[in-house]
Amino acid sequence: SYEHFEKMFGKKYLNRKAEPVAMASEEQKGRLNELLSKLNVSADKIARSLAKYSAETIDDLTAENAQIIINKMEPAAA
């Protein structure tokens, strides 16, 4: 029942206002693909890295997480 969920998760958490999450932009996705290709990153390593950000594909990344990954990869590609 809903009352059970309230006890488990807290009424405040369940009744909070939903906030939209910006997903990775086309520009960010393009830059990620460029960097992955340039650095010759294996599919296995890509999958493990995406999983750290709760994503299965680049399309699943939030804009914030995509930028974090880009910022980490760019020095290696320079």
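Any value given below was found using the heavy atoms of this structure, including those in side chains, with hydrogens, waters and symmetry copies removed. Each residue takes its place number in the sequence, starting with 1. Here the structure is a predicted model, which means the values were calculated and not measured.
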Inset, instruction - Evaluate the side chain to side chain contact (heavy atoms under 4.5 Å, CB included) criterion for residues Met73 and Leu36: first the C-alpha distance (whole Å), next the side-chain angles of each, then the deciding distance (0.1 Å), finally the verdict. - result: CA-CA 8 Å; Met73 293 177 70; Leu36 292 168; 3.6 Å; yes

Inset, instruction - Grab the two heavy atoms, one from Leu39 and one from Ala76, that are nearest each other, plus how far apart they are. - result: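 Looking at all heavy atoms of both residues, the closest pair is CD2-O, 3.6 Å.
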
Inset, instruction - State, to 0.1 Å, how close Leu61 and Ala55 come at their nearest heavy-atom pair, and which atoms those are. - result: CD2-CB, 3.8 Å

Legend entry - More than 12 heavy atoms of other groups within 6.0 Å of Glu6 CD: yes

Inset, instruction - Using side-chain contact (heavy atoms from CB on, under 4.5 Å) as the criterion, list what pairs up with Ala63, not counting sequence neighbours. - result: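 Listed in chain order: Ala22, Gln28.
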
Looking at residues at least two apart in the chain, or sitting in another chain, which of them share a side chain to side chain donor-acceptor pair (under 3.5 Å) with [X]?
X	answer
Glu74	Arg31
Glu26	Lys29
Thr57	Asp60
Thr62	Asn65

Legend entry - Joint hydrophobic cluster, Met23 plus Ile70, side-chain heavy atoms closer than 4.5 Å: no

Inset, instruction - Mind jotting down which residue pairs meet the salt bridge (charged side-chain N to carboxylate O under 4.0 Å, His left out) criterion with at least one end in residues 42-55? Sequence neighbours excluded, please. - result: Asp44-Arg48

Inset, instruction - Find the distance between CD1 (Ile69) and CD1 (Ile58) and round it off to the nearest 0.5 Å. - result: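 Here the rounded value is 8.0 Å.
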
Inset, instruction - Kindly compute the distance separating CG (Leu32) from OG (Ser37), expressed to the nearest 0.5 Å. - result: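 Atom-to-atom, Leu32:CG and Ser37:OG are 12.5 Å apart.
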
